[in-house]
Protein chains: 2
Amino acid sequence: MAGSKGDKYYNVFLDYRLWLKTISNEGIMGEGCFSLLLEIKNSGSLKEAAEKLEVSYRKAWGIIRKSENMLGFKLVDKQRGGKDGGHSFLTEEGANLMQAYQELKDDIDESIKKVTKKFFHRINHKTLSEN
Amino acid sequence: MAGSKGDKYYNVFLDYRLWLKTISNEGIMGEGCFSLLLEIKNSGSLKEAAEKLEVSYRKAWGIIRKSENMLGFKLVDKQRGGKDGGHSFLTEEGANLMQAYQELKDDIDESIKKVTKKFFHRINHKTLSEN
DNA sequence: ATTCGATATGTTCAATCAAACATATCTGCA
DNA sequence: TGCAGATATGTTTGATTGAACATATCGAAT
């Protein structure tokens, strides 16, 4: 490993997770919240986003609420009632935060990939989106 | 944020965690296990290591056992009985794995620090050992 | 042989986290 | 005005995790 004998590490890989947090250590956004926002952006619906990601509507809604509460502003504009029952879309701030997280994610995936190369003797890694 | 208006992110920072895992996604080593090995190396005792890290002996012992079981080889040589009741020390392989993890950790802390600079508008990060 | 102090390990109890369940609310449209 | 379909939210049940408890084993030294 690390250039030395890495024979024992056939089935080992490097995994990591990334969070935005408040200074009081409360989670604001991780992969779950991020991919929810992404699906909301794509589908215009919290319900569809939850279904796509195979989490309960209740859970998806809770994730968004918690994040919004921590941040103190809205990530998603939600309308209920009406023709199709309702719909959701990202606020401008939601879109901004999403993009920032995406950039961090990409950069860090890239960095980790580089670092991991030094341990190429069987030690691999996953990108965040593979999890 | 990311060069744009980041005024809202005063209290936000970037946190991350790192694991070595088996392909079947079982944890082999994270910060907990790593710092245990470090303390064992320093003190020559699993008991003292556990106390230093303020976890129960039972838990510390379980962490080591799980990791060893996943890997299929010993990280720590443990002797019981004798003058002082017993003692523990790292196997060569334990020391190797520790060092590899340390290098990964350092490199990735460094990488994340760099990446984070692009988001210097209030978005900070912690190194692993700060958690 | 007995003691001492560390390792070894199953068990049980508590707390935390997510899943499931159950309703309620809202509003364009037929 | 009532239906449809999505959002809104409390409650309860279940599962996973870790803390706590209780013993057992080991072997050098006395």
Side-chain angles (χ1 to χ4, degrees), chain A residues 17 19 21 24-37 39-70 74-91 94 131, chain B residues 15 17 19 21 24-37 39-70 73-91 94 131:
Chain A
R17 289 185 193 181
W19 295 273
K21 289 188 174 181
S24 52
N25 214 41
E26 300 273 4
I28 290 174
M29 190 152 85
E31 270 301 290
C33 183
F34 172 78
S35 43
L36 255 179
L37 293 180
E39 290 302 331
I40 289 173
K41 183 182 177 187
N42 291 338
S43 66
S45 159
L46 178 50
K47 182 169 185 282
E48 281 185 44
E51 278 164 4
K52 189 82 173 285
L53 296 175
E54 295 177 88
V55 298
S56 69
Y57 175 87
R58 179 66 183 77
K59 181 176 179 180
W61 175 85
I63 288 171
I64 302 292
R65 180 176 70 168
K66 190 195 170 202
S67 184
E68 290 180 335
N69 285 348
M70 292 297 107
K74 291 284 176 196
L75 295 171
V76 179
D77 251 324
K78 287 166 275 187
Q79 311 283 315
R80 60 179 175 179
K83 184 180 187 308
D84 298 316
H87 54 98
S88 301
F89 52 90
L90 298 188
T91 62
N131 289 323
Chain B
D15 195 9
R17 290 187 194 179
W19 295 273
K21 289 187 174 183
S24 53
N25 214 41
E26 300 273 4
I28 290 173
M29 189 151 86
E31 270 301 291
C33 183
F34 173 78
S35 43
L36 255 180
L37 293 181
E39 290 303 331
I40 290 173
K41 183 183 176 186
N42 291 337
S43 68
S45 158
L46 178 51
K47 182 169 185 282
E48 281 186 43
E51 279 164 6
K52 189 82 173 284
L53 297 175
E54 295 177 87
V55 299
S56 69
Y57 175 87
R58 180 64 181 80
K59 180 176 179 180
W61 175 83
I63 288 171
I64 302 293
R65 180 176 68 168
K66 190 194 170 204
S67 183
E68 289 179 336
N69 285 347
M70 292 297 107
F73 56 86
K74 290 284 175 196
L75 295 172
V76 179
D77 251 323
K78 287 166 276 186
Q79 311 284 312
R80 62 178 173 178
K83 184 179 185 311
D84 299 315
H87 54 97
S88 300
F89 52 89
L90 299 188
T91 62
N131 290 323

Tell me if a side-chain donor or acceptor on B:S88 pairs with a main-chain N or O of B:G44 at a distance below 3.5 Å. no
Separation between NZ of A:K74 and OG of A:S67, rounded to the nearest 0.5 Å: 11.0 Å
Separation of D:dG18 P from B:Y57 OH (nearest whole Å): 18 Å
Comparing A:V55 and A:G81 on DNA chain C - which has the more 5′ nearest nucleotide: A:V55
What integer distance in Å separates A:I63:CD1 from C:dA19:P? 9 Å
At 4.0 Å (heavy atoms only), tell me whether A:Q79 reaches a base, stays on the sugar-phosphate, or touches nothing. sugar-phosphate
Provide, to the nearest angstrom, the distance between the CD atom belonging to A:E68 and the P atom belonging to D:dT9. 11 Å
If each of A:G85 and B:H87 is mapped to the nucleotide of DNA chain C with the nearest heavy atom, which maps nearer the 5' terminus, i.e. the 5' end? B:H87
For atom CG of A:L36 and atom P of D:dT7, their distance in whole Å: 11 Å
A:K78, NZ: over 12 other non-hydrogen atoms inside 6.0 angstrom: yes
Would you say a side-chain N or O of B:W61 is under 4.0 Å from OP1 or OP2 of C:dA8? yes
Among C:dG28, C:dT7, D:dG18, the nucleotide that comes nearest once only the side chain of B:K59 is considered: D:dG18
Among C:dA8, C:dC29, D:dA8, which is the nearest nucleotide to the side chain of A:K83? C:dC29
Without decimals, in angstroms, what is the distance between A:F89 CZ and D:dT7 C1'? 13 Å
Rounded to whole Å, please give me the gap between CG in A:L46 and C1' in C:dT25. 15 Å
Consider the side chain of B:R65, meaning its heavy atoms from C-beta on, and name the nucleotide among D:dT7, C:dA8, C:dT9 that approaches it most closely. C:dT9
Check: B:E68 side chain, B:V76 main-chain N or O, donor-acceptor pair, under 3.5 Å: yes
What's the shortest heavy-atom distance between A:Y57 and A:K47, and which atoms? CD1-CA, 3.9 Å
Given atom CD of A:E54 and atom C1' of C:dA18, what is their separation to the nearest angstrom? 16 Å
Would you mind classifying the nucleic acid contact of B:G82 as base, sugar-phosphate or nothing, using non-hydrogen atoms under 4.0 angstrom? base
What about B:R58, does its side chain sit under 3.5 Å from the base of C:dG10 through a donor-acceptor pair? yes
Establish, with yes or no, whether the OP1 or OP2 oxygen of D:dA6 is under 4.0 angstrom from a side-chain nitrogen or oxygen of A:S88. no
Between C1' on D:dT7 and CZ on A:R80, what's the gap in Å once rounded to a whole number? 6 Å
Output yes when at least one side-chain N/O atom of B:S56 is less than 4.0 Å from OP1 or OP2 of D:dG18, else no. no
